[in-house]
Amino acid sequence: NIREVIRRNFLEDFRSEFQRKFEEIRRHEEEYTVGIKEDYEPVAYDRHGTEVPVVNLSGGEKTSVALAYRLALADLAAQVSQTSPSEILILDEPTTGFDQEDIKLLPQALRNIRTIPQIIIVTHDEELKNAADYKFEVTKEMGISTIKELS
């Protein structure tokens with residue numbers, strides 16, 4: 001059955017890419033590894049190989065799983081459609097659910113994502129703002145947004 005062969009191949013590629021992206025994002029993480037179930041649901045495994053549902057992970061771990069999942073899927077979609085991979089990633093408040101250690105490590109995790117040359121982050125988090133190469137402040141007064149470059 002050719003459909004099953006193609007599905008299996010895609011699933012294996014997706015699993016590999018998802019694990020690779022998760023490891024890029026959470027290099028400091030040694031507590032969990034991740035995988036993809038047969039129904040494409042992400043799953044985590046503890047040090048002993050015991051399955052841990054993603055809903056049981058911390059907020060930062062869940063966010064890392066979600067980001068890795070989307071990046072892996074985007075990369076595979078680009079390969080399948082023979083288009084170039086995404087060159088921009090926009091993250092809106094990516095530190096929601098992160099603890100202070102996760103926030104400190106996020107800038108390096110994002111720099112580890114070598115396949116996307118430009119990342120735009122919308123954040124109120126001062127630590128994340130300080131890690132940016134370029135900073136802009138957007139304010140809105142009377143329905144008009146103003147953008148100011150910060151040093």
Side-chain angles (χ1 to χ4, degrees), residues 1-138 145 147:
N1 185 337
I2 191 70
R3 286 185 199 167
E4 185 57 29
V5 170
I6 291 170
R7 191 184 91 67
R8 280 243 162 256
N9 287 343
F10 178 82
L11 187 56
E12 279 309 307
D13 290 346
F14 187 34
R15 284 176 173 149
S16 296
E17 193 61 30
F18 176 58
Q19 289 169 343
R20 192 170 17 263
K21 295 294 185 193
F22 185 79
E23 289 168 7
E24 282 179 349
I25 293 166
R26 294 190 66 89
R27 286 183 182 244
H28 71 285
E29 181 65 61
E30 296 176 3
E31 191 169 341
Y32 296 105
T33 59
V34 293
I36 299 290
K37 292 183 177 183
E38 291 293 316
D39 63 355
Y40 299 97
E41 183 180 341
V43 64
Y45 300 96
D46 67 15
R47 293 180 194 156
H48 309 292
T50 304
E51 184 177 312
V52 178
V54 172
V55 296
N56 293 350
L57 300 178
S58 72
E61 291 162 340
K62 286 179 197 173
T63 301
S64 297
V65 166
L67 180 57
Y69 191 95
R70 285 167 179 79
L71 291 173
L73 197 54
D75 281 0
L76 287 176
Q79 288 174 23
V80 168
S81 64
Q82 297 181 344
T83 60
S84 56
S86 299
E87 293 188 13
I88 188 168
L89 172 64
I90 301 173
L91 301 173
D92 186 9
E93 297 294 349
T95 56
T96 301
F98 278 32
D99 61 23
Q100 284 304 106
E101 185 64 21
D102 289 331
I103 293 169
K104 284 181 190 174
L105 296 169
L106 183 61
Q108 185 57 48
L110 293 172
R111 284 186 187 94
N112 291 337
I113 301 171
R114 305 210 188 285
T115 55
I116 302 176
Q118 185 172 9
I119 299 174
I120 297 172
I121 302 171
V122 178
T123 187
H124 292 93
D125 187 277
E126 290 301 321
E127 182 135 9
L128 195 53
K129 285 182 196 178
N130 291 333
D133 295 329
Y134 303 97
K135 299 173 216 165
F136 297 89
E137 180 179 68
V138 180
S145 295
I147 301 172

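One is the number of the first residue; the rest follow in order along the sequence.
- In this structure, L128 CG and K135 NZ are separated by 10.5 Å, a value rounded to the nearest 0.5 Å.
- Salt bridge present: E4 and R8 bring a charged side-chain N and a carboxylate O closer than 4.0 Å.
- Taken to the nearest 0.5 Å, the CG atom of D125 stands 9.0 Å off from the CG atom of N130.
- When each of E17, Q19, E12 is paired with R15, the side chain to side chain donor-acceptor pair (under 3.5 Å) condition holds for E12 and for no other.
- Rounded to the nearest 0.5 Å, atoms CD (E93) and OG1 (T95) are 6.0 Å apart.
- In this structure, S145 and V138 approach most closely via the heavy-atom pair CB-CG1, 4.3 Å.
- For the pair L73/F18, no side-chain contact is recorded, criterion being any heavy-atom separation below 4.5 Å from C-beta on.
- Taking OG1 of T50 as the reference point, atom OH of Y32 lies at 10.5 Å (rounded to 0.5 Å).
- Scanning both residues, V54 and A44, for their nearest heavy atoms gives CG2-N, 4.4 Å.
- Rounding to the nearest 0.5 Å places CG of L91 at 11.0 Å from CZ of R70.
- Counting heavy atoms from C-beta outward, P42 and V34 have side chains that stay 4.5 Å or more apart.
- The shortest non-hydrogen separation linking T63 to P94 is CG2-O, 3.5 Å.
- The aromatic rings of Y40 and F14 sit tilted relative to each other, their planes meeting at an angle between 30° and 60°.
- I88 CD1: more than 12 foreign heavy atoms inside a 6.0 Å radius.
- Counting heavy atoms from C-beta on, the side chains of Q118 and E87 never come closer than 4.5 Å.
- With hydrogens and angles ignored, the 3.5 Å screen pairs no side-chain donor or acceptor of K21 with any backbone N or O of Y69.
- Between N9 and the options L11, I6, V5, a side chain to side chain contact (heavy atoms under 4.5 Å, CB included) holds for only V5.
- We find the CD1-CG distance between I119 and D133 to be 10.0 Å, quoted to the nearest 0.5 Å.
- Surrounding CZ of R7 are more than 12 heavy atoms belonging to other residues, nucleotides or ligands, all under 6.0 Å away.
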